[in-house]
Amino acid sequence: METGKVPIILPIYHEGTEFVMPQDPDTNALESGVPKVGKSVYVIVGNPLFIDDLLMGFNKCLKQDMIDSNHPICMGLYQALCLRIGYAMRLLRAQLRIQLNQNETRNSMQNSQLFTDEVEAKYEDSNT
């Protein structure tokens, strides 16, 4: 690149904002300008994506005299960037879902243990 600085992309995936600021399914307009409270939003941040290898491979597209962004070389760069970012986002989504499932299982087990303790305490009280 001309400036010598290669951008680093930091992938961030989130879920749940659709419940905080819901949209009309037909128009995509916000249902309200006021966020709903009591809703959960989950965010996961991935490792930085280094793209210097892609930029070096498509150096011709990055030259200042390359004006046509629809040129096949530039389109190849855009496609490669989208593939790399898309893969990172799918990976983050999977990681978030695994974490949420583990938390749900852990909470379910804790609730089950609390229920068992409560039943045992009532049983012991009724036998004394």
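We're numbering straight along the sequence, starting at 1.
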With Q95 via side-chain hydrogen bond (donor to acceptor under 3.5 Å, both in side chains) - residues at least two apart: none
Residue pairs involving residues 72-86 (criterion side chain to side chain donor-acceptor pair (under 3.5 Å); sequence neighbours excluded): D53-R84
Members sharing V20's hydrophobic cluster (side chains within less than 4.5 Å): L10, I12, M21, L30, V41, V43, V45
Pairwise distance CD(E15) to CD1(I44) - rounded to 0.5 angstrom: 10.0 Å
L81 with M89, same ILVMFWY side-chain cluster at under 4.5 Å: yes
In one Ile/Leu/Val/Met/Phe/Trp/Tyr side-chain cluster, 4.5 Å: L83, I9: no
Residue pairs passing the side chain to side chain donor-acceptor pair (under 3.5 Å) test where at least one lies in residues 32-49, sequence neighbours excluded: none
More than 12 heavy atoms of other groups within 6.0 Å of M56 CE: no
Nearest heavy atoms of L92 and P11, plus distance in Å: CD1-O, 3.6 Å
Nearest atoms (heavy-atom pairs only) where P7 meets L55: CD-CD1, 4.0 Å
Heavy-atom pair of closest approach, residues N28 and P25: OD1-O, 4.3 Å
Under the side-chain contact (heavy atoms from CB on, under 4.5 Å) test, residues paired with D52 that sit two or more places apart: V6, F50
Rounded distance (nearest 0.5 Å) linking atom OH of Y13 with atom CZ of R93: 4.5 Å
All side-chain hydrogen bond (donor to acceptor under 3.5 Å, both in side chains) counterparts of D24, not counting sequence neighbours: T27
Q102 side chain to L100 backbone, donor-acceptor under 3.5 Å: no
Q23 CD to T17 OG1 distance, which is reported to the nearest 0.5 Å: 8.5 Å
I8 and L49: CA distance, side-chain angles, deciding distance, side chain to side chain contact (heavy atoms under 4.5 Å, CB included) verdict: CA-CA 6 Å; I8 298 172; L49 300 178; 6.0 Å; no
